[in-house]
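So the structure is just underneath, and the comments pick up after that.
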Amino acid sequence: MINAAVLGSPISHSLSPHLHRAAYDLLEISGHYQAFDVPSGTLHNFLDSQHNSFDGFSLTMPLKEEAIVECKELSVDASLLTAVNTMIRNGDFWHGHNTDVLGFEYLLRFMNEEEVAILGAGGTARAALLAARRLGLTTHIFRRNPVRDSALRAIDHDVQIHDWKKAGTAFTMPILINCTPSGTLEGELSIRNGVVIDAIYAPWPSLLSQSCPPQTRFISGIELLSAQAVYQIRLMTGKDFDLERIHQHLVAVGRLAINNN
């Protein structure tokens with residue numbers, strides 16, 4: 001029996017319960033998956049209150065960096081990114097992982113391009129940067145504040161960092177990955193990218209999804225969320241399975257959930 005949950009705040013919009021429960025059903029795994037609103041600064045108290053009753057947690061904003069100090073062990077990716085999106089219980093301790101990187105790698109793995117633009121510099125953007133570096137892509141990041149520049153260069157010393165006022169250039173590169181919060185992008189967008197990956201799935205439809213021309217391949221936040229979720233599910237259940245089959249199923253479940261809201 002798997003007992004897991006997604007933690008964050010706000011959490012009411014999260015699709016993770018729909019996705020994980022659907023995967024349990026398809027894989028015929030007995031388990032529960034819930035959602036808890038856990039505001040910033042309260043993760044430690046929440047974990048302490050559960051008395052090790054959970055096997056694993058998915059973490060969303062604003063807890064990904066806060067979770068670092070709650071984990072006795074960190075995966076290479078979580079340590080490099082200083083961000084945890086998956087906690088797996090190991091006895092009385094927590095092991096932190098970051099499956100956002102694997103999700104981006106999954107989506108980018110067969111794209112025949114050499115250059116990618118990333119909007120944003122937060123935890124999701126850093127995960128996209130690491131995935132792009134591993135796939136040998138030349139990466140441009142467009143950000144508002146230089147405070148995270150050293151962290152970005154620690155992930156990829158060759159990354160090209162640009163001020164936000166030059167973000168219009170990002171819409172001309174072969175691949176665009178949007179890792180900014182909802183509402184950051186405004187107005188009419190002149191999109192000329194061959195591929196657009198949007199981390200946003202709520203509220204839906206996003207501005208990028210409405211602005212892409214027909215010839216652009218648009219990959220929604222539902223597809224990204226589902227891609228990282230399949231790796232979370234593998235960690236939480238300890239089961240090996242066909243990633244492509246589960247990913248396609250979760251994308252369909254996520255789209256249905258969005259359409260029903």
Smallest heavy-atom separation, M236 atom then G56 atom, equals CE-C, 4.0 Å
L185 CG to S211 OG distance, which is reported to the nearest 0.5 Å: 8.5 Å
Min side-chain heavy-atom separation T138-D158 under 4.5 Å: no
Residue set satisfying side chain to side chain donor-acceptor pair (under 3.5 Å) with H249, at least two apart, ordered chain then number -> none
Looking only at the side chains, is there a donor atom on one of S9 and D37 sitting less than 3.5 Å from an acceptor on the other? yes
I118, V159: one ILVMFWY side-chain cluster at the under-4.5 Å cut-off? yes
Hey, does the side chain of S79 reach the backbone of V76 with a donor-acceptor pair shorter than 3.5 angstrom? no
Would you say L26 ends up clustered with I233 if hydrophobic residues are merged whenever their side chains have heavy atoms under 4.5 Å apart, either directly or through other cluster members? yes
State, yes or no, whether a side-chain contact exists between Q228 and L102 at a heavy-atom distance under 4.5 Å. no
Value rounded to 0.5 Å, distance of CG in D48 from OG1 in T42: 12.5 Å
How close do T82 and E65 get, counting heavy atoms only, and between which atoms? O-CG, 3.4 Å
ring-ring contact (aromatic ring centres under 6.0 Å, His included) against F104, all qualifying residues, sequence neighbours excluded: none
Supply the atom-to-atom distance L250 CG to R21 CZ, rounded to the nearest 0.5 angstrom. 13.5 Å
Backbone N or O of S53 within a donor-acceptor pair of the N3 side chain at under 3.5 Å? yes
Chi angles and distances behind the side-chain contact (heavy atoms from CB on, under 4.5 Å) call for I197, V116: CA-CA 10 Å; I197 300 175; V116 59; over 6 Å; no
Exercise: identify the closest heavy-atom pair between I2 and T237: CD1-CA, 4.1 Å
Answer yes or no: is there a side-chain heavy-atom contact under 4.5 Å between I222 and S226? yes
Residues in side chain to side chain donor-acceptor pair (under 3.5 Å) with E113, at least two apart? none
Looking at side-chain heavy atoms only, is the closest gap between S190 and F171 below 4.5 Å? no
Exercise: identify the closest heavy-atom pair between H97 and H95: CD2-O, 3.6 Å
With a 4.5 Å cut-off on side-chain heavy atoms, are L224 and I219 touching? no
Can we say R143 and D149 salt-bridge, meaning some charged N sits less than 4.0 Å from an Asp/Glu carboxylate O? yes
Spell out, as yes or no, whether a donor-acceptor pair under 3.5 Å connects the side chain of N193 to the backbone of V195. no
Under the salt bridge (charged side-chain N to carboxylate O under 4.0 Å, His left out) test, which residues partner E70, sequence neighbours left out? none
Would you say the side chains of D100 and T124 form a donor-acceptor pair under 3.5 Å? no
Which atom of W204 lies closest to which atom of S220, heavy atoms considered: CH2-CB, 3.8 Å
So, taking the atom named CD1 in I191 and the one named CG in L176, what distance separates them when rounded to the nearest 0.5 Å? 7.0 Å
Of all heavy-atom pairs linking A83 and N98, the shortest is O-ND2, 3.0 Å
So, using ring-ring contact (aromatic ring centres under 6.0 Å, His included) as the criterion, who are the partners of H162 when residues are at least two apart? H140, F142
Approximate separation, where rounding is to 0.5 Å, of L208 CG and L119 CG: 7.5 Å
If hydrophobic residues (ILVMFWY) are linked whenever their side-chain heavy atoms come closer than 4.5 Å, directly or via other members, who joins F36 in its cluster? L7, V38, L43, F46, L47, F54, F57, L59, L63, I68, L74, V84, M87, W94
Using a strict threshold of under 4.0 Å (side-chain N to carboxylate O), is an ion pair present between E223 and R255? yes
Taking CE in M61 as the centre, count heavy atoms belonging to other residues, nucleotides or ligands within less than 6.0 Å. Is the count above 12? no
Is it true that, when you exclude E28 itself, more than 12 heavy atoms of the residues, nucleotides or ligands shown sit nearer than 6.0 Å to its CD? no
Partner of D77 under salt bridge (charged side-chain N to carboxylate O under 4.0 Å, His left out), picked from R134, R133, K64, is R134
Rounded to the nearest 0.5 Å, how far apart are CG of L129 and CZ of R153? 11.0 Å
Decide yes or no for Y201 and H13: does some side-chain heavy atom of the first lie under 4.5 Å from some side-chain heavy atom of the second? yes
Co-membership, hydrophobic cluster, residues W164 and I200, 4.5 Å side-chain: no
Counting only heavy atoms not in E114 (residues, nucleotides, ligands), do more than 12 fall under 6.0 Å from its CD? no
Without hydrogens or angle criteria, can the side chains of Y33 and S58 be said to hold a donor-acceptor pair below 3.5 Å? yes
